[in-house]
Asker: 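The structure under discussion is supplied below as structure tokens; questions concerning it will follow.
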Amino acid sequence: MLIIGGGNAGISLAARLRRYRFKDIAVIEPKSRHLYQPLFSHIAGGTADAFEAVRLQSAVTPQGVAWIRDKAVDVSTDTHTVLLESGSAITYDHLVVCPGIQNDWSSIPGLKEAMEGPHGASNYEYELAPKAWDLFRGMTGGTVVFTQPSGPASCAGAAQKPLYLACDHWRREGVLKDIRVVLAVPTPTIFGMEIIDEELNRKIDEYGIEVRFSTELASVEPQARTVQLLNTATGAAETLSYDVLHAVPPQSAPQWLKTTDLPAPGNRAGFVEVDPLILRHPRFPEVWSLGDSASTLNSKSGAALRTQAKVLAKNLRAVTRGRKPTTKYNQYSACPFVVSRNTVVFSEFDDKYSPMPTVPGWNNLARERRLTFIAERVMLPKIYWNLILRGLA
């Protein structure tokens, strides 16, 4: 069993397969650090320290699973081999492709340079998240622009979390009234679910945030400190000056994956083609995928991935025992919107953004609550490190 990717998807799946008594499991992962991305928003917003989001890859790799510290650069479905950056090739009987998603910083003119400069930051890179908090806590006035990309993204709603955390901080410091806060979202509403939109719009009004709906970041002039925003519904362009730019980049599958025959023909984003229910490749039955690199129907998130890992592990177990894969993924996803320094609006939904509660009283959880903040900020990191990565949750 060969797994490409040692992030949440690859490690949690490998651990679950070990518990199903699979042998000869190997994970291909070039990085020496394992990162817990949901904490990046808290790092950017000043409610977590950077060290809390990182562990050594060797420490999270399950016992009995081989860690191949190399990078996959190609897959040959004809010969059942994965080519590595070092020049080696590894054969597989079953292959799980889950290398995650890539941040396409260079796809927007000037964005990469802005992030490298002194006034740009993002909660979508481990190194840029602490920079965001340094910029936010140093502000006493000026203009801050937050942007959220269109298209597939890893937990797209996370783009808004540092926004609310920063506004709450500025309000507590008594400077929010002196800071102009602009948020550009690509959608016609703030999220797409009535009850969640209601809660988020209430916080937006409370903080005095200016929202540009159906709007994307078109370009950045880092030296002039200006952004051009494009309204995709009307075609109107707007140029804004900024003191701080917090941007989330467009995202797609890793570049090497786009060049293989694993994506569906015509899928420019390059995600692995899978049956969205059983997570198996429709053309190559020995290939499977989950997480951000799979072309499933759901909104990409860690909550979706956790459900997918259970489904894929059960289906792999069935196939290796000569049975048909019958366990189906229900398209569940979730996004906890951190809307203050001690409250969360918790959304659970399917691929059509219809409510998909997992516990009784979902409507109460969807409202702003301190309880859900404790669950998201305190409990979930512990569950991740101690249970999810061990195939126990």
Side-chain angles (χ1 to χ4, degrees), residues 1-18 20-32 34 57-58 60-102 252-276 278-296 305 308-309 311-325 391:
M1 180 67 59
L2 187 60
I3 300 172
I4 299 177
N8 184 349
I11 294 300
S12 60
L13 177 66
R16 195 167 290 274
L17 292 176
R18 282 292 296 163
Y20 285 168
R21 301 188 184 282
F22 275 69
K23 298 179 180 179
D24 299 323
I25 303 172
V27 173
I28 301 171
E29 173 54 55
K31 298 176 182 176
S32 61
H34 183 99
Q57 188 68 28
S58 57
V60 301
T61 302
Q63 288 189 349
V65 173
W67 172 27
I68 302 171
R69 191 175 175 185
D70 210 330
K71 181 180 179 181
V73 295
D74 198 8
V75 174
S76 171
T77 52
D78 291 334
T79 60
H80 290 196
T81 58
V82 174
L83 180 64
L84 303 179
E85 189 173 55
S86 62
S88 302
I90 303 176
T91 59
Y92 61 84
D93 50 0
H94 284 277
L95 174 68
V96 180
V97 184
C98 50
I101 201 166
Q102 72 178 15
S252 64
Q255 204 62 35
W256 69 266
L257 184 56
K258 297 178 184 180
T259 63
T260 70
D261 53 6
L262 296 180
N267 182 346
R268 290 183 297 175
F271 298 110
V272 179
E273 183 182 10
V274 291
D275 180 314
I278 64 172
L279 306 178
R280 192 181 200 179
H281 203 291
R283 292 178 285 124
F284 309 112
E286 66 284 344
V287 176
W288 309 73
S289 186
L290 76 163
D292 290 349
S293 57
S295 57
T296 48
L305 191 157
Q308 292 171 7
V311 170
L312 203 156
K314 290 179 180 179
N315 284 334
L316 272 171
R317 180 173 60 176
V319 168
T320 55
R321 292 180 179 180
R323 302 195 303 266
K324 290 184 178 181

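The analysis underlying the following values was restricted to heavy atoms, covering all of them including side chains, and did not include hydrogens, waters or symmetry mates.
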Asker: Could I get the full list of side-chain hydrogen bond (donor to acceptor under 3.5 Å, both in side chains) partners for Ser289, not counting sequence neighbours?
Answerer: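 Checked Ser289 against side-chain hydrogen bond (donor to acceptor under 3.5 Å, both in side chains); zero matches.
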Asker: Return the CG to OG1 distance between Asn315 and Thr320, rounded to the nearest 0.5 Å.
Answerer: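 If I round to the nearest 0.5 Å, the distance is 10.5 Å.
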Asker: Under the criterion side chain to side chain donor-acceptor pair (under 3.5 Å), I'd like the reasoning laid out for Asp261 against Thr77: C-alpha separation, chi angles, the key distance, then a yes or no.
Answerer: CA-CA 8 Å; Asp261 53 6; Thr77 52; 2.9 Å; yes
Asker: If every non-hydrogen atom of Pro325 is compared with every non-hydrogen atom of Val319, which pair is closest and at what distance?
Answerer: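 Shortest heavy-atom separation between Pro325 and Val319 comes out as CD-CG2, 3.8 Å.
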Asker: Only counting residues at least two apart or in another chain, list the ones meeting ring-ring contact (aromatic ring centres under 6.0 Å, His included) with Phe284.
Answerer: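 ring-ring contact (aromatic ring centres under 6.0 Å, His included) list for Phe284, sorted by chain: His281.
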Asker: Can you give me every donor-acceptor pair (side chain of residues 265-273, partner residue at least two apart or in another chain, under 3.5 Å) with its distance?
Answerer:
from, atom 1, to, atom 2, distance (Å)
Asn267, OD1, Ala269, N, 3.1
Asn267, OD1, Gly270, N, 3.3
Glu273, OE1, Arg283, NE, 2.9
Glu273, OE1, Arg283, NH2, 2.9

Asker: Who pairs with Thr259 by side-chain hydrogen bond (donor to acceptor under 3.5 Å, both in side chains), at least two apart in sequence or on another chain?
Answerer: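 Thr259 satisfies side-chain hydrogen bond (donor to acceptor under 3.5 Å, both in side chains) with no residue once adjacent residues are dropped.
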Asker: Quick check for you: to the nearest 0.5 Å, what is the distance between Asp292 atom CG and Ile101 atom CD1?
Answerer: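 Here the rounded value is 5.0 Å.
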Asker: When rounded to the nearest 0.5 angstrom, what is the spacing between CG in Leu305 and CG in Leu290?
Answerer: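 These two atoms lie 5.0 Å from each other.
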Asker: Among Asp24, Ile25, Val82, Val75, which residue meets the side-chain contact (heavy atoms from CB on, under 4.5 Å) test with Leu2?
Answerer: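 Among Asp24, Ile25, Val82, Val75, the one that satisfies the side-chain contact (heavy atoms from CB on, under 4.5 Å) with Leu2 is Val82.
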Asker: Can you give me every donor-acceptor pair (side chain of residues 89-97, partner residue at least two apart or in another chain, under 3.5 Å) with its distance?
Answerer:
from, atom 1, to, atom 2, distance (Å)
Asp93, OD1, Met1, N, 3.4
His94, ND1, Trp288, NE1, 3.2

Asker: Is Lys258 atom NZ crowded by more than 12 heavy atoms from other residues, nucleotides or ligands, each under 6.0 Å away?
Answerer: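 Atom NZ in Lys258 is crowded, with more than 12 foreign heavy atoms closer than 6.0 Å.
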Asker: Please evaluate residues Leu257 and Thr260 with respect to the criterion side-chain contact (heavy atoms from CB on, under 4.5 Å), reporting the C-alpha separation (whole Å), side-chain torsions for both, the decisive distance (0.1 Å), and the verdict.
Answerer: CA-CA 5 Å; Leu257 184 56; Thr260 70; 3.8 Å; yes
Asker: Mind checking what makes side-chain contact (heavy atoms from CB on, under 4.5 Å) contact with Arg21, not counting sequence neighbours?
Answerer: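 By the side-chain contact (heavy atoms from CB on, under 4.5 Å) rule, Arg21 matches no residue at all.
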Asker: Excluding sequence neighbours, so at least two apart, what forms side-chain hydrogen bond (donor to acceptor under 3.5 Å, both in side chains) with Thr79?
Answerer: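 Applying side-chain hydrogen bond (donor to acceptor under 3.5 Å, both in side chains) to Thr79 gives Ser76, Thr81.
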Asker: Would you please test Arg16 and Phe22 for side-chain contact (heavy atoms from CB on, under 4.5 Å) and show each step?
Answerer: CA-CA 9 Å; Arg16 195 167 290 274; Phe22 275 69; over 6 Å; no
Asker: Rounded at 0.5 Å granularity, tell me how far CD1 in Ile4 sits from CG in Asp70.
Answerer: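 The CD1 atom of Ile4 sits 11.0 Å away from the CG atom of Asp70.
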Asker: To the nearest 0.5 Å, tell me how far Leu312 CG sits from Cys98 SG.
Answerer: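 Taking CG in Leu312 and SG in Cys98, the distance rounds to 8.5 Å.
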Asker: Under 3.5 Å, side-chain donor or acceptor atoms of residues 60-69 against the rest of the protein: list the pairs with distances, not counting sequence neighbours.
Answerer:
from, atom 1, to, atom 2, distance (Å)
Thr61, OG1, Gln57, O, 2.8
Trp67, NE1, Glu29, O, 2.8
Arg69, NE, Pro30, O, 3.4

